[in-house]
Participant: 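Handing you this structure, nothing more for now.
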Amino acid sequence: MKIIKIKEINKFENKLVRINGWVYNSRRSGKIGFLTVRDGFGLIQCVVVKDDIGDESFESFKRLTQESSITVIGKVVKNDRAIGKYGILVDSYELHHLSQDYPITPKEHGTEYLMANRHLWLRSKRQHAILRVRHEIVKSIRDFFDMNDFTLVDTPIFTPNAAEGTSTLFRTEYFGKEAFLAQTGQLYGEASAMAFGRHYNFGPCFRAEKSKTRRHLTEFWMVEPEIAYCDIEEDMMWAENLLIYIVQQVIKNKSNELNILERDIDVLKKVAGPFPRVSYTDCIEILNKADFNIKWGEDFGSPEETYIANQYDSPVIVHRFPSKIKAFYMKRDPENEKVVLGMDILAPEGYGEIVGGSERETNIDILIDRIDEEKLNKSDYDWFLDLRRYGSVPHSGFGMGLERVVAWICGLSHIRETIPFARTMSRLNP
RNA sequence: UCCGGUAUAGCUCAGUUGGUUAGAGCAGUGGACUGUUAAUCCACGUGUCCCUGGUUCGAGUCCAGGUACCGGAGCCA
């Protein structure tokens, strides 16, 4: 007899099968019982009839608890009343472990409680769906870069320097020296782009900012392509095409999960491109028309960002920011020295910045000036400056925050559900 | 760091103007039920009311300080 996955149940109509899983829910009505079983691949309703399995088995069935691990043996039958349109008429079952007092009941719980039980919450339908969408997004990111001849080159997590000098870094001890957990792999990505032409790195980043909002994690995953012989316009195109590809793949392959999450797929279908491109200077004008009272040169706050994003159905690309509010490595616009060739992509529906990128400064003298201006330690960047000494070329790249993309595509109100084990200011466990 | 909010049963919450023995639903246990979808119905239990101090005849309730957590700002993906 075959052990099958619930997701392939429709291939086994009227066959006897085995399913390895866990009790999702159990209820009964006299001499007939209904056991919803999950196996990690899906849910199925198993019908337990006293007269079929015998008094003794039925008595022990009545004692089955939520999340007990069992193997169910029975016949697959079509059943319109059941979830998934198929059910199993139980012949017998084997109990592996009887779960006692499972903390997550089918009733409501607070988020704090659920986060404290995150290791168990992962079994719930919604959390399962979110992480499967995350999986699809990760896969489509890797496929996209693979199809376009990018090479994955992993960048280190221990670093000696502060790449952007602005964000707070986690400090650690490294054989008697000070080291930091990487907040970006970008500088290493630039080295790799000079070796491979098209590079990307994808891994965890760490930021010790004391941010307590629904958009922040202290540990999150970022994908960062870096492309040689690429200007800012091409950079925007890569980011746009990546986002469109991700959304298409999720709609195509994870529609069940989006339904479980009650995500409006029509909203996602509007993400077709080309995305609107608005300069920072134009944004200032738009914002002041809406009574925001922001001066040229000031950085956008969260309300400003949300207002700009809400003007459009699809993500919007904001570009050419004042150089003073952006990182030292961004190239200045030859047509306007006051701005840099940087761009941010803002997701619709208030999900905020999901991409940040730029064309990189190639002139070593300007870079050294900028490093001094930011009061960074020049010796830490000597290897980075080498990239401008030996065959410097125009190049660009961007970083995309995985969890914010997951939150946006799933339509979630909080980023902590987008990663299996969230790390926030107040949570290091489980 | 700043601003706002919350803290009562295993979980989710109610608790009046300060009043005597602190409540509900769910979960759990036992029972009834052959078509349930968070099944329903009957019976049974549970408390450091976050901590410390204060006001009061009397504090879960009012006041002060503290702690923890939540949301927002800043910062950012």
Side-chain angles (χ1 to χ4, degrees), chain A residues 24-36 43-52 58 62-63 65-67 77 79-84 87 89 99-117 120 124-125 163-169 183-186 202-224 239 298-306 325-327 344-347 350-357 398-408 413-416 418-419 424-427:
Chain A
Y24 195 78
N25 194 10
S26 171
R27 51 192 176 272
R28 58 180 190 278
S29 184
K31 293 170 184 166
I32 185 168
F34 304 94
L35 196 64
T36 306
L43 290 173
I44 192 155
Q45 177 169 283
C46 304
V47 181
V48 185
V49 178
K50 190 176 183 180
D51 292 345
D52 291 355
F58 196 77
K62 282 159 74 173
R63 285 193 295 273
T65 54
Q66 194 188 356
E67 289 302 320
V77 291
N79 184 347
D80 284 339
R81 284 171 292 193
I83 43 161
L89 267 174
S99 167
Q100 293 289 350
D101 297 323
Y102 186 67
I104 302 177
T105 64
K107 288 282 175 176
E108 41 187 283
H109 298 283
T111 315
E112 247 331 278
Y113 179 79
L114 290 167
M115 284 304 290
N117 287 287
L120 304 173
S124 303
K125 208 193 277 182
E164 297 182 20
T166 51
S167 298
T168 321
L169 296 162
Q183 57 170 337
T184 169
Q186 194 215 303
F202 193 3
C205 296
F206 306 88
R207 305 222 174 146
E209 290 155 3
K210 294 189 173 176
S211 302
K212 291 179 284 188
T213 81
R214 64 179 76 179
R215 299 183 305 282
H216 287 88
L217 295 167
T218 54
E219 177 182 317
F220 65 96
W221 280 61
M222 187 155 69
V223 57
E224 298 176 284
E298 290 172 0
D299 206 354
F300 298 153
S302 206
E304 287 84 358
E305 209 175 86
T306 304
I325 58 171
K326 286 292 173 181
D344 285 350
I345 302 185
L346 308 179
Y351 283 95
E353 190 182 333
I354 50 174
V355 168
F398 62 86
M400 188 182 83
L402 175 64
E403 286 77 15
R404 285 195 183 169
V405 172
V406 176
W408 163 52
S413 61
H414 203 297
I415 198 167
R416 70 190 144 202
T418 63
I419 187 165
T424 63
M425 257 186 85
S426 57
R427 183 163 298 287

Participant: Distance criterion of 3.5 Å, no angle test: do you see the side chain of A:S426 paired donor-to-acceptor with the base of B:C69?
Facilitator: no

Participant: Is A:L217 touching bases, backbone alone, or none of the nucleic acid, heavy atoms closer than 4.0 Å?
Facilitator: base

Participant: Just verifying a value: how many Å separate A:T65 OG1 and A:Q100 CD, rounded to the nearest 0.5 Å?
Facilitator: 6.0 Å

Participant: Select base, sugar-phosphate, or nothing to describe what A:K212 touches, counting heavy atoms under 4.0 Å on all strands.
Facilitator: base

Participant: OP1 or OP2 of B:A77 less than 4.0 angstrom from a side-chain nitrogen or oxygen of A:R404, does that happen here?
Facilitator: no

Participant: Under 4.0 Å between any heavy atoms, over every strand shown, what does A:D299 touch: base, sugar-phosphate, or nothing? Just pick one.
Facilitator: sugar-phosphate

Participant: Under 4.0 Å between any heavy atoms, over every strand shown, what does A:Q45 touch: base, sugar-phosphate, or nothing? Just pick one.
Facilitator: base

Participant: Let's see if you can work this out: which of B:U34, B:C70, B:G74 has an atom nearest to the side-chain heavy atoms of A:R416?
Facilitator: B:C70

Participant: Does the side chain of A:R63 get closer than 4.0 angstrom to OP1 or OP2 of B:G30 through an N or O atom?
Facilitator: no

Participant: Give a yes/no on whether any side-chain N or O of A:H414 is located under 4.0 angstrom from OP1 or OP2 of B:C70.
Facilitator: no

Participant: Starting the side chain at C-beta, find the nucleotide from B:C70, B:A39, B:A77 nearest to A:N25.
Facilitator: B:A39

Participant: To the nearest 0.5 Å, what is the distance between NZ (A:K62) and NZ (A:K50)?
Facilitator: 6.0 Å

Participant: Using a 4.0 Å heavy-atom cut-off, does A:R28 contact any base of the nucleic acid, only the sugar-phosphate backbone, or nothing at all?
Facilitator: base

Participant: What I want to check is whether the side chains of A:E224 and A:T184 have a donor and an acceptor closer together than 3.5 Å.
Facilitator: yes

Participant: Counting any heavy atom closer than 4.0 Å, what does A:D52 reach on the DNA or RNA strands: base, sugar-phosphate only, or nothing?
Facilitator: nothing

Participant: Using nucleotides 5-13 of chain B, report all nitrogen or oxygen pairs with the protein that are shorter than 3.5 Å.
Facilitator:
unit_1	atom_1	unit_2	atom_2	d
B:C11	O2'	A:E108	O	3.4
B:C11	O2'	A:H109	ND1	2.5
B:U12	OP1	A:G110	N	3.1
B:U12	O2'	A:E108	OE1	3.2

Participant: Identify, between A:S26 and A:G352, the residue whose nearest nucleotide on RNA chain B lies closer to the 5' end.
Facilitator: A:S26

Participant: Is any side-chain heavy atom of A:K326 less than 4.5 Å from a side-chain heavy atom of A:D344?
Facilitator: yes

Participant: Using a heavy-atom cut-off of 4.0 Å across all strands, would you classify A:V405 as base, sugar-phosphate, or nothing?
Facilitator: nothing

Participant: Would you say B:G72 has OP1 or OP2 under 4.0 Å from some side-chain N or O of A:R214?
Facilitator: yes

Participant: With nearest nucleotides of RNA chain B determined for A:T218 and A:M425 from heavy-atom distances, which residue corresponds to the more 5′ nucleotide?
Facilitator: A:M425

Participant: Picking from B:A77, B:U34, B:G74, which would you name as closest to the side chain of A:V49?
Facilitator: B:U34

Participant: Compare side-chain N and O positions of A:S302 against OP1 and OP2 of B:A73 and report whether any pair is under 4.0 Å apart.
Facilitator: yes

Participant: Under the criteria of a ring-centre distance below 5.5 Å and an interplanar angle below 30°, is A:F220 stacked with the base of B:A77?
Facilitator: yes

Participant: Hunt down any stem RNA chain B takes part in, defined as 3 or more consecutive Watson-Crick or G-U pairs whose two distances are each under 3.5 Å.
Facilitator: B:1-7 with B:67-73, B:10-13 with B:23-26, B:28-32 with B:40-44, B:50-54 with B:62-66

Participant: Does A:G33 reach a base, just sugar-phosphate, or nothing at all? Heavy atoms under 4.0 Å.
Facilitator: nothing

